[in-house]
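Structure first, then comments.
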There are 2 protein chains.
Amino acid sequence: MIQNTSRIKKGRKFDQVIAGARTVFLRDGFEGASVDDIAREAAVSKATLYSYFPDKRVLFLEIAALETRRQADAFEERIDDTHPPEVVLPTAGRKILDFLLSDFGIAVFRIAVAEGERFPEIGHKFYDSGPRLVKDRLSQYLASWVAQGALTIDDVELAAEQFVELCKVRLIPKRLFQGPSAPDSAERDKIVESAVALFLACYGTRP
Amino acid sequence: MIQNTSRIKKGRKFDQVIAGARTVFLRDGFEGASVDDIAREAAVSKATLYSYFPDKRVLFLEIAALETRRQADAFEERIDDTHPPEVVLPTAGRKILDFLLSDFGIAVFRIAVAEGERFPEIGHKFYDSGPRLVKDRLSQYLASWVAQGALTIDDVELAAEQFVELCKVRLIPKRLFQGPSAPDSAERDKIVESAVALFLACYGTRP
DNA sequence: GCACAGCTAAACTGCTTGGTTTAGTTATCT
DNA sequence: AGATAACTAAACCAAGCAGTTTAGCTGTGC
């Protein structure tokens with residue numbers, strides 16, 4: 001990444017700071033992370049860090065935005081509009097679930113939820129650059145198949161949100177409140193499969 | 001409440017402490033709440049507070065357990081097994097949604113999510129005395145109507161979790177990440193209605 | 001009216017934190 | 001080589017925190 005020149009802030013070690021902050025924030029959360037830790041992890045002096053960012057909160061916002069954006073981008077490219085729902089939904093659902101269940105996805109979600117009340121911008125940024133993009137992309141896909149007559153949906157946005165929520169069933173709460181567990185790939189498939197069945201039983205056009 | 005005598009810990013002002021801690025923890029979260037604040041809110045000296053609870057974390061656990069238990073109990077009594085799904089699901093769904101959307105429900109959820117990684121007991125206690133009880137009660141209801149032939153479900157627990165998740169669509173993320181908004185009773189009904197439709201289209205036995 | 005358990009305000013300890021400053025070192029550009 | 005901008009380690013500051021201690025007050029039982 002050479003496009004440092006396009007950054008608003010300047011400095012040779014900018015990327016190091018971003019990387020270090022990412023690591024520490026994701027490991028310890030916002031309150032849990034100390035600026036000293038971040039500086040140490042980034043192998044940078046605190047003074048340098050503070051020359052890039054005015055305070056801890058702004059640094060965190062930067063990281064959160066980068067991360068969620070990255071998440072949504074990765075998902076965006078996975079939907080193939082030329083394939084029908086029966087084949088796209090299972091793989092897309094699995095992709096979504098896999099990300100949400102990753103240590104990464106869980107940590108970002110935790111922080112967004114925890115800090116969302118005190119710092120509304122965090123909540124906004126997280127939603128706008130993560131879940132919202134997924135919803136938009138998915139509902140666009142659904143709309144195209146509604147037009148082709150393979151689906152019958154009056155509110156595609158709502159349907160998209162319902163599908164995502166159905167994929168989260170059981171495993172997300174389990175991970176959130178019962179801690180990490182075994183990989184469980186079969187169980188993930190089962191959940192997604194059930195979500196797809198439920199979804200298509202209602203919105204699918206029966207032949 | 002006179003049954004103070006049945007408490008493990010003793011002291012005249014125990015209930016005051018609980019009430020104060022409840023207020024402050026729900027307002028500021030775990031890290032955000034200071035013991036001084038709690039003592040002030042409870043109109044009690046810090047020394048008294050520490051005579052009841054060995055440390056801040058234990059006090060918090062006590063509050064969290066009380067709150068989630070209270071939530072589930074309130075719900076438990078609302079399901080009438082003698083009425084069919086078409087009538088029970090909408091009202092039960094609306095009840096669940098109303099609680100989850102309350103300032104109260106949101107605050108408890110936020111704390112459970114935020115603190116769940118560092119203090120797994122908090123996550124466990126929250127899940128066991130909240131969502132889990134709701135799931136159990138709901139799946140028991142569903143099972144009874146499966147037996148009567150009005151529903152066709154092979155995994156009732158999964159179905160119960162799916163229904164709850166469907167009720168949370170849109171409004172919970174909105175509240176979590178976009179802040180509080182207008183009452184929106186009509187929108188709530190719409191979401192629940194759509195959840196019921198989706199649910200019954202798949203699991204309902206068509207006449 | 002005495003004893004005792006519960007309570008109190010307030011000071012205090014020890015520690016961590018975000019953020020600043022200083023005085024000096026390193027890299028980069030011409 | 002010299003100038004300039006970026007970086008550094010380390011000390012420092014002020015504030016906030018959990019938890020303890022002290023020295024004394026209050027209410028209740030007998």
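Letters go in sequence order (proteins before strands), and every chain restarts at 1.
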Measure from [atom1] on [X] to [atom2] on [N] and round the result to the nearest Å.
X       : N      : atom1 : atom2 : value
B:Arg12 : C:dC4  : CZ    : C1'   : 12 Å
B:Asp15 : C:dC7  : CG    : P     : 11 Å
B:Arg40 : D:dG16 : CZ    : P     : 12 Å
A:Leu59 : C:dG18 : CG    : P     : 11 Å
A:Phe53 : C:dG18 : CZ    : P     : 15 Å
A:Leu49 : C:dT21 : CG    : P     : 16 Å
A:Asp55 : C:dT20 : CG    : C1'   : 14 Å
A:Gln16 : C:dA27 : CD    : P     : 12 Å

For the residue pair A:Phe199 and A:Phe163, does the interplanar ring angle fall in the parallel (under 30°), tilted (30 to 60°) or perpendicular (over 60°) class?
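Ring orientation, 0 to 90° scale: perpendicular.
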Which residues, if any, of residues 28-36 of chain B bring a heavy atom under 4.0 Å of DNA chain C?
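Residues of residues 28-36 of chain B that come under 4.0 Å of DNA chain C do not exist, since none gets that close.
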Check whether A:Arg27 reaches the backbone of A:Ala33 with its side chain - one donor and one acceptor, N or O, closer than 3.5 Å.
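It does not hold such a pair.
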Side-chain (B:Lys56) to main-chain (B:Phe30) donor-acceptor, under 3.5 angstrom:
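Answer holds: yes.
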Among [options], find the nucleotide with the atom closest to the side chain of [X].
X       : options               : value
B:Lys56 : C:dA9, D:dG19, C:dC7  : D:dG19
B:Thr48 : D:dT8, C:dT8, D:dG19  : C:dT8
B:Tyr50 : D:dT21, D:dG19, D:dA9 : D:dG19
B:Lys13 : D:dT8, C:dT8, C:dG19  : C:dT8

So, under a plain 3.5 Å distance rule, would you say the side chain of B:Lys46 forms a donor-acceptor pair with the base of D:dG19?
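Pair found.
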Between B:Ser185 and B:Arg94, a side-chain donor and acceptor under 3.5 Å
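Yes, because at least one side-chain N or O of B:Ser185 sits under 3.5 Å from a partner of the opposite role on B:Arg94.
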So, are [X] and [Y] salt-bridged, with charged N and O less than 4.0 Å apart?
X        : Y        : value
A:Arg40  : A:Asp37  : yes
B:Glu165 : B:Lys168 : yes
A:Arg175 : B:Glu117 : yes

Using a cut-off of 4.0 Å on non-hydrogen atoms, how would the nucleic acid contact of A:Ala39 be classed: base, sugar-phosphate, or nothing?
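No contact.
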